[in-house]
**Q** 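I am attaching a structure below and will ask some questions about it afterwards.
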Amino acid sequence: MTNARTATTNHKHRPLKELNLIDDFLFQEMLSHEDGEEFCRILLRTILNRPIQKVKIIPQKTISGIDTNHHGIRMDAYIEELSDTPLSPEAVIADSNAMPDIYDVEPNRQYEKHTLPRRMRYYHGILDTQFLSVGADYDRLPNIVIITILPYDPFGKNRMVYTITNQCLEDSSIPYDDGARKIFLYTKGVAGNPSQELKDMLKYMETTISDNVTNPDIATIHHFVEKLKHKKEVGINYMKSWEIEKMYRQQGLAEGIKALVTTCQELGVSKSETTTKVMQKLSIKQADAEDYVRRFWQ
């Protein structure tokens with residue numbers, strides 16, 4: 001999850017074939033790929049250790065702050081878990097449990113151990129503002145789980161899984177389920193007896209090579225990854241992303257956006273789709289993105 005005012009890249013300049021799923025570029029491309037929903041379904045099933053039937057994903061979903069003076073957020077993978085049996089609007093209204101569970105999956109190489117707890121607090125608050133209309137009951141808020149995948153130990157206890165919920169300090173047996181949960185996954189953790197499937201999946205995400213394919217689920221994902229890395233348009237996107245990032249550093253934001261708009265035109269991307277890409281990559285408001293696209297569209 002990326003702060004909307006300070007979006008940065010977190011992968012080194014390596015050949016596309018050497019990227020891993022924990023790298024931002026490859027993870028985002030996988031989500032946008034035709035196999036993205038199946039990838040997320042397998043990943044969630046492994047992390048949560050339960051069946052996941054159907055999902056709906058929105059890669060790089062941007063949510064603005066309450067106004068222009070407040071931070072927004074960009075979710076790497078916004079995932080809704082869907083029921084196999086579609087429910088009528090009346091059933092959803094009658095049963096708060098019918099609301100889909102929301103997951104935000106965030107691989108993150110950037111070391112920010114000391115700020116993670118407060119960042120998660122802020123992200124949950126921003127997310128909640130999206131789900132409650134004026135006059136609606138609070139039980140209409142869905143369960144939201146933020147899953148962060150890290151190559152470093154966020155709490156120093158060598159655990160692979162850290163699940164964080166709110167509770168009463170005086171008596172932890174008192175039920176207090178506010179529907180908000182954070183799961184931190186440390187790829188190299190061993191304490192807590194994590195499942196072999198999860199250990200293998202996180203190892204594969206950190207080092208995405210054939211030697212780390214150890215079960216059918218990972219084999220399926222590896223097939224997706226290999227197919228993705230051989231797509232011409234993905235290679236172009238990767239190359240262009242470095243040109244744009246270099247221009248951000250050397251010439252500033254406006255020139256970077258100009259490069260992105262020009263690249264989209266060269267690849268035949270429509271004006272509206274280009275606006276969406278500018279919003280996603282820079283986490284800016286739609287009106288600002290539209291202004292930039294009008295300015296640089298030729």
Side-chain angles (χ1 to χ4, degrees), residues 1-2 16 19-63 73-88 92 97-108 123 127 130-131 142-149 181 183 185 195 197-198 200-206 208 212-235 237-238 241 269-270 272-273 276-277 279-281 283:
M1 185 175 295
T2 306
L16 175 61
L19 290 189
N20 304 303
L21 277 173
I22 201 170
D23 292 312
D24 182 67
F25 178 86
L26 187 60
F27 186 74
Q28 291 301 328
E29 287 292 325
M30 178 58 74
L31 296 178
S32 304
H33 192 247
E34 60 191 2
D35 301 311
E37 288 188 1
E38 178 65 7
F39 164 65
C40 284
R41 191 179 70 83
I42 293 172
L43 186 60
L44 279 183
R45 186 176 69 207
T46 304
I47 293 171
L48 302 175
N49 194 29
R50 65 172 177 79
I52 301 290
Q53 300 300 324
K54 296 173 65 177
V55 297
K56 173 185 176 183
I57 63 174
I58 304 176
Q60 292 192 332
K61 179 179 176 67
T62 300
I63 301 177
I73 61 175
R74 189 188 71 191
M75 305 167 67
D76 282 351
Y78 173 94
I79 306 170
E80 293 183 9
E81 182 181 359
L82 306 177
S83 170
D84 254 356
T85 304
L87 298 172
S88 67
V92 173
N97 293 324
M99 294 288 289
D101 288 347
I102 305 298
Y103 298 91
D104 175 26
V105 181
E106 303 283 336
N108 189 356
Y123 296 149
L127 287 170
Q130 306 299 300
F131 299 110
N143 295 322
I144 299 178
V145 183
I146 300 176
I147 301 170
T148 307
I149 303 174
R181 191 155 43 119
I183 299 176
L185 300 175
S195 71
E197 290 78 12
L198 180 59
D200 289 349
M201 180 65 74
L202 294 183
K203 182 178 181 180
Y204 176 78
M205 288 196 68
E206 185 171 19
T208 306
N212 288 334
V213 176
T214 56
N215 61 51
D217 280 344
I218 297 177
T220 298
I221 292 175
H222 189 64
H223 172 69
F224 295 160
V225 169
E226 289 298 295
K227 183 168 58 172
L228 191 70
K229 287 183 175 181
H230 285 89
K231 282 184 172 290
K232 180 180 178 181
E233 60 268 29
V234 175
N237 288 344
Y238 186 55
S241 73
V269 179
S270 70
S272 61
E273 290 174 317
T276 300
K277 287 182 179 296
M279 291 171 61
Q280 290 175 344
K281 284 188 173 293
S283 299

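On a predicted model such as this, the values are computed, not experimentally measured, just so you know. Basis for what follows: all heavy atoms, side chains included, without hydrogens, waters or symmetry-related copies.
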**Q** Which heavy atom in I147 sits nearest to a heavy atom in Y103, and how many Å separate them?
**A**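 Residues I147 and Y103, closest heavy atoms: CD1-CD2, 4.2 Å.
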**Q** Output the distance between atom CG (L43) and atom CD1 (I149), rounded to the nearest 0.5 Å.
**A**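 The CD1 atom of I149 is 5.0 Å from CG of L43, to the nearest 0.5 Å.
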**Q** Once side chain to side chain contact (heavy atoms under 4.5 Å, CB included) is applied, do any residues pair with S270, and if so which ones, sequence neighbours excluded?
**A**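 Only S272, E273 meet the side chain to side chain contact (heavy atoms under 4.5 Å, CB included) criterion with S270.
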**Q** To the nearest 0.5 angstrom, please state how far the CG atom of L202 sits from the CG atom of L185.
**A**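 Going from the CG atom of L202 to the CG atom of L185 covers 5.5 Å.
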**Q** Please check if the side chain of N20 supplies one atom and the backbone of D23 the other of a donor-acceptor pair under 3.5 Å.
**A**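 Answer holds: no.
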**Q** How would you list, by chain and number, every residue that makes a side chain to side chain donor-acceptor pair (under 3.5 Å) with T214, sequence neighbours excluded?
**A**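 For T214 the side chain to side chain donor-acceptor pair (under 3.5 Å) partners, ignoring immediate neighbours, are D200.
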**Q** Any chance you could lay out the side chain to side chain contact (heavy atoms under 4.5 Å, CB included) test for R181 and N143, step after step, and finish with the verdict?
**A** CA-CA 8 Å; R181 191 155 43 119; N143 295 322; over 6 Å; no
**Q** If you define the side chain from C-beta out and look only at heavy atoms, does anything of V55 sit under 4.5 Å from F39?
**A**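 Not touching, per the 4.5 Å side-chain cut-off.
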**Q** State which residues pass ring pair (Phe, Tyr, Trp, His ring centres under 6.0 Å) with H222; sequence neighbours excluded, sorted by chain then number.
**A**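 For H222, the residues satisfying ring pair (Phe, Tyr, Trp, His ring centres under 6.0 Å) (neighbours in sequence not counted) are Y204.
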**Q** Can you name the nearest heavy-atom pair linking F27 to L21, along with the distance?
**A**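 Nearest pair, atom of F27 first, then L21: CB-O, 3.3 Å.
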**Q** In sequence, state the C-alpha distance, the side-chain angles, and the governing distance for N212 and E206, and then conclude on side chain to side chain contact (heavy atoms under 4.5 Å, CB included).
**A** CA-CA 10 Å; N212 288 334; E206 185 171 19; over 6 Å; no
**Q** From C40 SG over to I221 CD1, what is the distance, rounded to the nearest 0.5 angstrom?
**A**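 It comes to 9.0 Å.
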**Q** Taking only residues at least two apart or on different chains, which pairs with a member in residues 214-226 satisfy salt bridge (charged side-chain N to carboxylate O under 4.0 Å, His left out)?
**A**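 Listed once each, the pairs are R45-D217.
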**Q** Could you pull out all residues at least two apart from E38 that satisfy side chain to side chain donor-acceptor pair (under 3.5 Å)?
**A**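 Partners of E38 under the side chain to side chain donor-acceptor pair (under 3.5 Å) test: R41.
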**Q** Mind checking the CG-CG spacing from L26 to L16? Nearest 0.5 Å is all I need.
**A**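 With rounding to 0.5 Å, CG (L26) is 7.0 Å from CG (L16).
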**Q** Find out whether E29 and L31 are in side-chain contact, i.e. whether some heavy atom of one side chain is under 4.5 Å from a heavy atom of the other.
**A**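 No - every pair of side-chain heavy atoms lies 4.5 Å or more apart.
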**Q** Would you compute the distance between atom CE of M205 and atom OG1 of T46 and round it to the nearest 0.5 angstrom?
**A**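 Output value for this atom pair is 10.5 Å.
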**Q** Run the side chain to side chain contact (heavy atoms under 4.5 Å, CB included) test against D35 and tell me which residues pass, sequence neighbours left out.
**A**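 Partners of D35 by the side chain to side chain contact (heavy atoms under 4.5 Å, CB included) criterion, ordered by chain and then number, come out as H33, F224, K227.
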**Q** Quick one: CG on N237 to NZ on K231, what's the gap to the nearest 0.5 Å?
**A**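 Between atom CG of N237 and atom NZ of K231 there are 11.5 Å.
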**Q** So among D101, L44, I102, V145, which one has a side-chain contact (heavy atoms from CB on, under 4.5 Å) with E81?
**A**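 Exactly one option meets the side-chain contact (heavy atoms from CB on, under 4.5 Å) with E81, and it is D101.
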**Q** Report yes if some heavy atom in the side chain of E197 is under 4.5 Å from a heavy atom in the side chain of N49; otherwise report no.
**A**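 With C-beta onward as the side chain, the pair stays apart.
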**Q** Got more than 12 heavy atoms from elsewhere within 6.0 Å of NZ, K229?
**A**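 Enclosed.
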